[in-house]
2 protein chains.
Amino acid sequence: MNGDRLLAALSALGNPQRMRIVATLAGRRQYVSQLARELGISRPLLHMHLQRLEAADLVTADLEISDSGKAVKYVEAAPFALHLTPETIARAIPTLTEQKEQK
Amino acid sequence: MNGDRLLAALSALGNPQRMRIVATLAGRRQYVSQLARELGISRPLLHMHLQRLEAADLVTADLEISDSGKAVKYVEAAPFALHLTPETIARAIPTLTEQKEQK
DNA sequence: TCCACGTGTAAGAAAAAGCTTACATGTGAT
DNA sequence: ATCACATGTAAGCTTTTTCTTACACGTGGA
């Protein structure tokens with residue numbers, strides 16, 4: 001597992017809102033506006049969290065044009081499986097580029 | 001898995017410094033001051049990160065009195081094993097108390 | 001035309017996290 | 001006594017994250 005991707009996944013999941021989002025989308029697709037209502041959070045806020053989750057490949061998005069012609073974005077949890085132990089983390093660390101920007 | 005503890009573990013691991021700390025302590029105990037030097041970070045900073053990791057039960061600490069009588073704190077990665085999938089997260093969510101303080 | 005509903009995004013406030021510097025204690029060796 | 005090394009912790013700055021409000025566009029139906 002790549003260090004940067006692991007970090008992206010963990011920091012994305014290490015947030016209560018995003019944990020709930022992933023849980024809600026486990027095996028069930030839903031469109032953004034409706035999801036925001038279900039979770040009781042604003043749509044811009046959900047949009048922000050979804051970006052983080054998509055960037056970490058934990059959630060996939062599909063922009064569909066409904067029969068009525070309206071654009072609707074469906075999101076769903078990606079089928080990820082991360083096994084975390086001190087050892088798996090240690091193996092990922094060498095590929096962690098992070099380090100403050102070397103300008 | 002308990003929701004709050006899972007969140008604590010994920011938010012603790014979702015940080016480059018702490019990921020390195022856990023990796024460095026995988027199967028190898030070390031005392032704080034020396035660890036700070038190895039990682040190239042200040043001791044107060046390491047102290048702060050260790051607190052977070054201990055609180056999440058990802059690292060264990062042992063305060064020992066060395067032969068010479070000096071107090072030395074040894075830390076080590078706890079033998080944790082977290083399996084993360086959309087489903088395991090979904091199962092943990094019901095026990096997530098988080099919610100803004102209900103006063 | 002205007003409303004309801006979907007999308008995205010920018011700007012700024014508020015809160016949390018990260019980090020440094022400085023101070024405090026205690027021990028053993030010089 | 002002073003130095004070297006271990007510990008902890010408080011104060012304050014800086015940066016990032018989180019969240020709200022407000023605006024933009026496009027569609028279908030009354």
Side-chain angles (χ1 to χ4, degrees), chain A residues 4 7-22 29-56 58-76 96 98-101 103, chain B residues 4 7-22 29-56 58-76 96 98-101 103:
Chain A
D4 291 331
L7 176 60
L10 294 179
S11 63
L13 289 174
N15 169 287
Q17 304 275 34
R18 290 193 288 270
M19 258 184 68
R20 282 202 201 85
I21 293 172
V22 169
R29 50 194 265 130
Q30 181 60 284
Y31 70 93
V32 183
S33 289
Q34 179 56 27
L35 181 57
R37 283 188 290 267
E38 283 183 26
L39 294 171
I41 65 178
S42 72
R43 195 176 49 78
L45 179 57
L46 174 58
H47 184 269
M48 194 255 284
H49 285 311
L50 285 174
Q51 277 194 315
R52 204 98 184 308
L53 290 169
E54 287 176 49
L58 299 174
V59 159
T60 60
D62 263 299
L63 185 61
E64 301 185 0
I65 307 299
S66 69
D67 331 333
S68 42
K70 289 179 183 170
V72 181
K73 184 181 180 183
Y74 279 89
V75 286
E76 185 178 15
L96 218 194
E98 265 322 279
Q99 311 291 36
K100 286 272 177 297
E101 307 269 328
K103 46 178 171 182
Chain B
D4 291 331
L7 176 59
L10 294 180
S11 63
L13 289 174
N15 170 286
Q17 303 276 36
R18 289 192 290 268
M19 258 184 66
R20 283 203 201 83
I21 293 172
V22 169
R29 53 194 264 130
Q30 180 60 283
Y31 69 93
V32 183
S33 289
Q34 179 57 27
L35 181 57
R37 283 188 289 266
E38 283 183 25
L39 294 170
I41 66 179
S42 72
R43 194 177 50 77
L45 180 56
L46 174 58
H47 184 269
M48 196 253 284
H49 286 310
L50 284 174
Q51 277 195 314
R52 205 101 182 313
L53 290 168
E54 287 176 51
L58 299 173
V59 159
T60 59
D62 263 298
L63 186 61
E64 301 185 0
I65 305 301
S66 68
D67 331 333
S68 43
K70 289 179 183 170
V72 181
K73 184 182 181 183
Y74 279 89
V75 285
E76 185 177 17
L96 218 195
E98 267 321 282
Q99 311 291 35
K100 287 272 179 297
E101 306 271 328
K103 46 179 168 181

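Order of the sequence lines fixes the chain letters, A, B, ..., with proteins taken first and strands second; residue numbering starts at 1 for each chain.
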Would you tabulate the pairs of protein nitrogen or oxygen atoms and nucleotide nitrogen or oxygen atoms of nucleotides 15-18 of chain D closer than 3.5 angstrom?
unit_1: D:dT18; atom_1: OP1; unit_2: A:Asn15; atom_2: ND2; d: 2.7
unit_1: D:dT18; atom_1: OP1; unit_2: A:Arg18; atom_2: NH2; d: 3.2
unit_1: D:dT18; atom_1: OP2; unit_2: A:Arg18; atom_2: NH1; d: 3.2

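- Distance CE/B:Met19 to CG/A:Leu96: 4.5 Å, rounded to 0.5 Å.
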Could you write nucleotides 22-30 of chain C as a row of B, S and -, 5' to 3', where a protein heavy atom under 4.0 Å of any base atom gives B, of only sugar-phosphate atoms gives S, and otherwise -?
B----BS--
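- Nearest nucleotide to the side chain of B:Ser42, out of D:dT20, C:dT20, D:dA6: C:dT20.
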Stepwise side-chain contact (heavy atoms from CB on, under 4.5 Å) test for A:His49 and A:Asn15
CA-CA 9 Å; A:His49 285 311; A:Asn15 169 287; 4.1 Å; yes
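- Computed from C1' positions of five pairs at each end, the angle between the two local axes of the helix from C:dT1-D:dA30 to C:dT30-D:dA1 equals 10°, rounded to 10 degrees.
- Note that CG of B:Leu53 is 7.0 Å distant from CG of B:Leu13, once rounded to the nearest 0.5 Å.
- A search for side-chain contact (heavy atoms from CB on, under 4.5 Å) contacts involving B:Ala55 returns nothing, not counting sequence neighbours.
- Regarding A:Gln51, its CD atom lies at a distance of 14 Å from the C1' atom of D:dC19, rounded to whole Å.
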Show the atom names and distances, to 0.1 Å, of all donor-acceptor pairs under 3.5 Å that link a side chain in residues 38-47 of chain B to residues at least two apart or in another chain.
unit_1: B:Glu38; atom_1: OE1; unit_2: B:Arg28; atom_2: NH2; d: 2.6
unit_1: B:Glu38; atom_1: OE2; unit_2: B:Arg28; atom_2: NH2; d: 2.8
unit_1: B:Glu38; atom_1: OE2; unit_2: B:Gln30; atom_2: NE2; d: 2.8
unit_1: B:Ser42; atom_1: OG; unit_2: B:Leu45; atom_2: N; d: 3.3

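- In this structure, B:Leu46 places its CG atom 11 Å from P of C:dC19, rounding to the nearest Å.
- The side-chain contact (heavy atoms from CB on, under 4.5 Å) test applied to B:Glu76 returns B:Arg29, B:Thr60, not counting sequence neighbours.
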